[in-house]
Amino acid sequence: MRYEDDKKKLVKQRYNELALVKNAESMKKCCCNPAVPSQKVFTIMSEDYSKLNGYEPDADLGVGCGLPTQYAGIKPGDTVVDLGAGAGNDCFIAREEVGTTGRVIGVDFAPNMLLKARENAQRRGFTNVEFLEGDIENMPLPDAMADVIVSNCVLNLLPRKDRIFKEIYRVLKPGARFCISDVVLDGLFPQEFTDNAAMYAGCIASAIQREDYLREIARAGLVDIAVVRTKTIAIPNDVLNEHLDKTTIQKYKKGNVGIYSITVTGKRP
């Protein structure tokens, strides 16, 4: 349990730092400031949202690994919950789809991210988007209240996937659906790789095996599970060199681990 708590604290710290960096243009451009975490490991999986209706550049921190709203079947009037909402990027895309009669709720546990998301929403006068502070392993939401749950490159960061998928089941209405983009593996990283803080918080070292990930979804009771998109992720050499020593890099490359972004859909029966 202590190990799991430490990992969650690490993720919260790194994403709080990321929100602060993106809030300050001068800091974002300063590569010499030791207080600023490297952005490379956070952005190697980033998707292009710029052509989607509802896109807000201020909310795009480059940490997503898919476009879950595209496959979620969101309809006007829906109540949508975004797990690990960050600065609000997917929430604002979803708001465009639910329209004025719908509702979007973002849940995040990083206070700086919540502050940025709320500022983004307030500045644009969005009244049907709200952001709640909470742990997605124990959501601050009532049972059976969501028509759609989405999440983008977040669930793999947290150690208790079983709890998260059970929470998704609990919060979805009967017959309601989910769409999650996340990172999964085919093969095992060397221990030195998985212990690296930057790689963990960047959604890479924290990923689990693809089959295990899908199995946890099914164990929660969710059905009609389908992988609707798969994208291969390659870690650039400059990212490896920045965060890992040569021996660990060699072990990683010899292991030939497959890293994938998958987008998964399904529903509560």
Side-chain angles (χ1 to χ4, degrees), residues 1-15 17-18 31 37-48 61-68 83-84 86 136-137 151-165 180-220 225-265:
M1 184 62 68
R2 174 61 186 274
Y3 175 80
E4 294 176 353
D5 289 342
D6 288 346
K7 288 297 188 183
K8 289 172 70 172
K9 288 178 182 178
L10 167 65
V11 171
K12 182 182 288 190
Q13 175 188 346
R14 295 290 286 183
Y15 280 82
E17 290 171 351
L18 182 63
C31 61
S38 168
Q39 305 304 295
K40 293 178 184 177
V41 74
F42 288 94
T43 58
I44 63 173
M45 296 169 289
S46 183
E47 294 278 356
D48 182 11
L61 302 186
V63 294
C65 62
L67 301 170
L83 306 182
I136 60 178
E137 294 175 2
S151 187
N152 195 346
C153 209
V154 173
L155 307 193
N156 74 81
L157 284 165
L158 300 175
R160 294 302 304 272
K161 277 96 176 157
D162 56 338
R163 289 185 183 176
I164 298 171
F165 292 123
I180 298 165
S181 294
D182 223 336
V183 179
V184 295
L185 304 178
D186 180 11
L188 299 173
F189 291 128
Q191 187 64 42
E192 299 91 336
F193 191 108
T194 57
D195 287 343
N196 184 278
M199 290 296 184
Y200 188 96
C203 300
I204 303 168
S206 56
I208 64 174
Q209 301 301 303
R210 182 181 187 274
E211 290 183 3
D212 293 338
Y213 193 97
L214 297 176
R215 189 179 300 116
E216 289 292 352
I217 298 176
R219 282 177 177 169
I225 301 163
V227 177
V228 296
R229 183 177 185 236
T230 300
K231 175 183 175 182
T232 301
I233 295 171
I235 306 177
N237 285 328
D238 62 337
V239 173
L240 294 172
N241 292 330
E242 179 174 347
H243 297 288
L244 304 171
D245 60 61
K246 291 182 179 179
T247 301
T248 302
I249 293 172
Q250 289 175 352
K251 288 182 180 179
Y252 160 68
K253 290 186 174 181
K254 285 182 180 179
N256 198 28
V257 180
I259 310 172
Y260 306 98
S261 163
I262 62 172
T263 298
V264 186
T265 61

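- Rounding to the nearest 0.5 Å places CG of Asp182 at 15.5 Å from OH of Tyr260.
- Distance CZ/Arg229 to OG1/Thr265: 13.5 Å, rounded to 0.5 Å.
- Considering CD1 of Ile217 and CZ of Arg219, their distance stands at 12.0 Å, rounded to 0.5 Å.
- The number of heavy-atom neighbours closer than 6.0 Å to CD of Gln209, taken from other residues, nucleotides and ligands shown, is above 12.
- Distance check: Leu240 CG to Glu242 CD gives 10.5 Å after rounding to the nearest 0.5 Å.
- Shown here for Val257 and Leu188, the closest heavy-atom pair between the two residues is CG2-O, 3.1 Å.
- Across every non-hydrogen atom of Leu155 and Ser151, the tightest pair is CD2-OG, 3.6 Å.
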For this session: Evaluate the side chain to side chain contact (heavy atoms under 4.5 Å, CB included) criterion for residues Val264 and Val228: first the C-alpha distance (whole Å), next the side-chain angles of each, then the deciding distance (0.1 Å), finally the verdict.
Result: CA-CA 6 Å; Val264 186; Val228 296; over 6 Å; no

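- Using the six-membered ring where Trp is involved, Tyr252 and Phe189 have ring planes that are tilted, between 30° and 60° apart.
- Note that CZ of Arg215 and CG of Asp212 are 5.0 Å apart. Values are rounded to the nearest 0.5 Å.
- Shortest non-hydrogen contact noted between Pro68 and Ser181 is CD-OG, 3.5 Å.
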For this session: Applying side chain to side chain contact (heavy atoms under 4.5 Å, CB included), run through Lys253 and Asn237 and close with a yes or a no.
Result: CA-CA 11 Å; Lys253 290 186 174 181; Asn237 285 328; 3.0 Å; yes

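- Each of Val183, Val227, Ile180 was checked for a side-chain contact (heavy atoms from CB on, under 4.5 Å) with Ile262, and the lone residue meeting it is Val227.
- Looking at heavy atoms from C-beta onward, Ile208 lies out of side-chain contact with Asn156 at the 4.5 angstrom threshold.
- Counting only distance, with no hydrogens or angles, the side chain of Asn152 and the backbone of Cys65 share a donor-acceptor pair below 3.5 Å.
- With values rounded to the nearest 0.5 angstrom, Leu244 atom CG is found 12.0 Å from Gln250 atom CD.
- Summarising the geometry of Thr247 relative to Asp245, their closest heavy-atom pair is N-OD1, 3.1 Å, with the distance given to 0.1 Å.
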